[in-house]
Amino acid sequence: MKDMSVNGAAAAQQAWSREQQQADAGAPVESAGLSAALSQKEEEGKDLVEMIRDAQEKAEAQREAMKLPKSSTRYGDAPLEAYARLARARSRMEVNSASGYARRRLAQFKTALRTDSDNAAKIKAAISQLQKAVNRGERKKRELDRERLTEIRRKKAAKEELKEKERRLRQELVRRRTQRMIRESGYMREAEISDRLATQLTATQMELRQQAQDLSASASASLETAVQHYTAAAESVPAAPVEAGFSGQA
């Protein structure tokens with residue numbers, strides 16, 4: 001009986017050992033599966049964060065586009081800022097950024113044109129300059145591409161020790177860049193003059209409007225005064241006396 005108990009205990013111990021070994025063997029598999037699941041969840045979390053960030057950026061851009069200027073004196077500043085960004089751009093990406101700013105302000109001012117009629121001249125001038133800034137941004141991208149190709153050709157000529165060709169390409173590159181910078185500085189002066197003329201036109205329109213209102217008020221006052229004088233004069237005239245014995249028959 002005692003031998004049977006010992007043998008049963010030994011068998012139970014061996015079974016427990018086999019189960020423990022199987023559990024130990026399956027642990028790495030389960031751990032690997034858990035790590036893969038956690039990694040997948042982490043990637044999904046990152047994707048969600050990126051989606052939220054993109055949505056927030058788009059919403060912010062839309063709010064900025066729909067926001068109206070707080071001061072009418074700021075209308076002329078937007079074209080100047082657009083041209084300044086365009087002049088600083090040294091790559092296609094930077095030009096796209098400057099053009100994007102001009103497009104956002106363009107949409108904003110088109111909305112303001114419907115709500116701020118008093119400054120219509122200044123808004124229209126700013127819209128015109130911003131549209132030009134967008135078109136000039138496309139032109140600058142083409143110019144930057146030509147300059148880049150010229151620089152590549154110059155470097156190739158220098159590498160091949162073609163001194164005359166390298167010198168000619170260098171001069172062409174300097175000429176292109178100089179002409180572009182002169183033209184871009186002219187954009188700034190053009191925007192300043194446009195804003196100044198629009199400001200003067202707005203002031204003239206407001207002055208004429210005020211004069212018309214004053215003239216209308218003065219004419220109304222004069223007419224009212226004349227009516228009052230006429231009424232007073234009519235009331236002051238005595239009635240004609242009726243002759244005695246007049247019967248009204250021939």
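None of these values were measured; they are calculated from a predicted model.
Classification of Arg189 and Glu192 as a salt-bridged pair fails, no side-chain N sitting under 4.0 Å from a carboxylate O. Salt bridge annotation for Asp77-Arg74: present, with a cationic side-chain nitrogen under 4.0 angstrom from a carboxylate oxygen.
The shortest heavy-atom contact between Tyr101 and Ala78 is CE2-O, 3.7 Å. Considering every non-hydrogen atom in both Met188 and Ala84, the closest pair reads SD-N, 3.7 Å. Considering all non-hydrogen atoms of both residues, Ala112 and Ile123 come closest at O-CD1, 3.8 Å. The two residues Leu169 and Ala157 have their closest heavy-atom pair at CD1-CB, 4.4 Å. Between Leu130 and Ala82, the shortest heavy-atom contact is CD2-CB, 4.1 Å.
With values rounded to the nearest 0.5 angstrom, Arg177 atom CZ is found 9.0 Å from Thr150 atom OG1. Atom CD of Glu190 is separated from atom CD of Gln129 by 4.5 Å, given to the nearest 0.5 angstrom. Within the model, atoms CD of Glu138 and OG of Ser99 stand 6.0 Å from one another, a figure rounded to the nearest 0.5 Å. Annotation: the span from Leu144 atom CG to Leu149 atom CG amounts to 11.0 Å, rounded to 0.5 Å. Atom CD of residue Gln171 and atom CZ of residue Arg154 lie 12.0 Å apart, to the nearest 0.5 angstrom. Taken to the nearest 0.5 Å, the CG atom of Leu113 stands 14.0 Å off from the NZ atom of Lys122.
In this structure, Lys163 contributes its side chain and Ala158 its backbone to no donor-acceptor pair below 3.5 Å. A distance-only check finds a donor-acceptor pair linking the side chain of Thr111 to the backbone of Ala107 [under 3.5 Å]. Ser128 places no side-chain N or O within 3.5 Å of a backbone atom of Ala125 that could act as its donor or acceptor partner.
Using a 4.5 Å heavy-atom cutoff, the side chains of Gln131 and Arg103 are not in contact. Side-chain contact between Arg146 and Arg142: present, with at least one pair of heavy atoms (C-beta onward) separated by less than 4.5 Å. The side-chain heavy atoms of Arg148 and Glu151, taken from C-beta on, include no pair separated by under 4.5 Å. Inter-residue side-chain proximity for Arg105 and Ile127 is flagged as unmet; no heavy-atom pair is nearer than 4.5 Å.
Between Lys140 and the options Glu94, Glu147, Glu184, a salt bridge (Lys or Arg N to Asp or Glu O under 4.0 Å) holds for only Glu184. Checked against Tyr75 for a side chain to side chain donor-acceptor pair (under 3.5 Å), the options Asp116, Asn119, Asp195 give a single hit: Asp116. Exactly one of Arg168, Arg170, Arg176, Arg175 qualifies for a side chain to side chain donor-acceptor pair (under 3.5 Å) with Glu172. That residue is Arg176.
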Could you give me the CA-CA distance, side-chain angles and deciding distance for Asp145 and Arg92, then say whether side chain to side chain contact (heavy atoms under 4.5 Å, CB included) is met? CA-CA 8 Å; Asp145 289 341; Arg92 291 180 65 91; 2.7 Å; yes

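Surrounding NZ of Lys141 are more than 12 heavy atoms belonging to other residues, nucleotides or ligands, all under 6.0 Å away.
Pairs of residues two or more places apart, or lying in two chains, that qualify as ring pair (Phe, Tyr, Trp, His ring centres under 6.0 Å) and include a residue from residues 156-209 are Tyr83-Tyr187.
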